[in-house]
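This report refers to the structure that appears directly beneath it.
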Amino acid sequence: MPLSVKCGNSGHLTFTEGQLKALFKEHDVNGDGRLSKEEIKKAFQQLGSRSPGWRVRRSLHHADTNGDGSIGVDELDELVKYVGAFGYNIK
Ligand SMILES: [Ca+2]
Ligand SMILES: [Ca+2]
C-alpha cells in the first residue's frame, strides 16, 4: 500500500510500507535490530517531521507493545501503521 507522506513544505513523498520499513531499518545505526528513541527520531527527521521528539513518544506509545522503550523487528509493522495512520495521507 503506497503511503503519501507530507514532507515539510516540499510537497508529498510517496512511500510503500516496504519502503518505510526499509527507511526505519536504515536508521538502526548500531545494527542491533532494534530502533532506539534516537534512531526513530532521526527517521522522523528524514520524513520531514517538525516535531520528531513528539512523534517518537507517540509512535512508541502505539508500537512498543512489549514496553522495552525501543522498536524491534516484530514491532516495525505497528510503527509503519502509525506513520500511515497519524498525520500522513494514505493512498
Ligand atoms: Ca539500534
Ligand atoms: Ca519494544
Side-chain angles (χ1 to χ4, degrees):
M1 181 189 304
L3 301 176
S4 179
V5 177
K6 283 182 182 170
C7 190
N9 293 323
S10 59
H12 288 74
L13 294 175
T14 301
F15 295 96
T16 64
E17 288 187 8
Q19 285 172 327
L20 278 173
K21 279 188 192 176
L23 184 147
F24 281 113
K25 283 179 182 172
E26 279 173 16
H27 284 78
D28 178 21
V29 289
N30 64 0
D32 66 352
R34 319 192 66 78
L35 287 163
S36 66
K37 288 178 187 173
E38 273 306 307
E39 290 168 345
I40 299 167
K41 189 174 176 181
K42 289 200 173 67
F44 278 122
Q45 283 171 338
Q46 183 170 331
L47 286 169
S49 173
R50 289 174 188 168
S51 49
W54 180 81
R55 287 241 183 251
V56 169
R57 287 197 297 278
R58 295 301 302 163
S59 60
L60 278 173
H61 179 75
H62 182 82
D64 181 21
T65 51
N66 67 359
D68 67 352
S70 65
I71 299 297
V73 173
D74 53 336
E75 294 166 337
L76 204 55
D77 282 339
E78 289 300 318
L79 181 61
V80 169
K81 271 187 213 164
Y82 167 82
V83 172
F86 197 96
Y88 297 102
N89 297 321
I90 304 177
K91 280 191 176 178

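Atoms within a ligand are numbered from 1 in the order they appear, just like the ligands themselves. Not measured: the values here are computed from a predicted model.
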Which value, rounded to 10°, describes the OE1(Glu39)-the Ca ion (ligand 1)-OD1(Asn30) angle? 130°
Using the ring of each side chain (for Trp, its six-membered ring), is Tyr82 parallel, tilted or perpendicular to His62, with breaks at 30° and 60°? tilted
For the pair Glu78 and Lys81, find out whether any cationic side-chain nitrogen is under 4.0 Å from an anionic carboxylate oxygen. yes
So which of the N, O or S atoms of Asp32 lies nearest the Ca ion (ligand 1)? OD1
If you look at Asp28, which of its N/O/S atoms is nearest to the Ca ion (ligand 1)? OD1
By residue and atom, what protein N/O/S atoms are less than 3.0 Å from the Ca ion (ligand 2)? Asp64 OD1, Asn66 OD1, Asp68 OD1, Ser70 O, Glu75 OE1, Glu75 OE2
Heavy-atom check, side chain of Leu35 versus side chain of Leu79, under 4.5 Å: yes
Kindly compute the distance separating CD1 (Ile40) from CZ (Arg34), expressed to the nearest 0.5 Å. 10.0 Å
Do you know which of Glu39, Lys42, Lys37 makes side-chain contact (heavy atoms from CB on, under 4.5 Å) with Val56? Lys37
Heavy-atom nearest pair, Leu47 first then Leu23, reads CD2-CD1, 4.1 Å
Shortest non-hydrogen pair, Gln45 vs Pro52, comes out as CG-CG, 3.6 Å
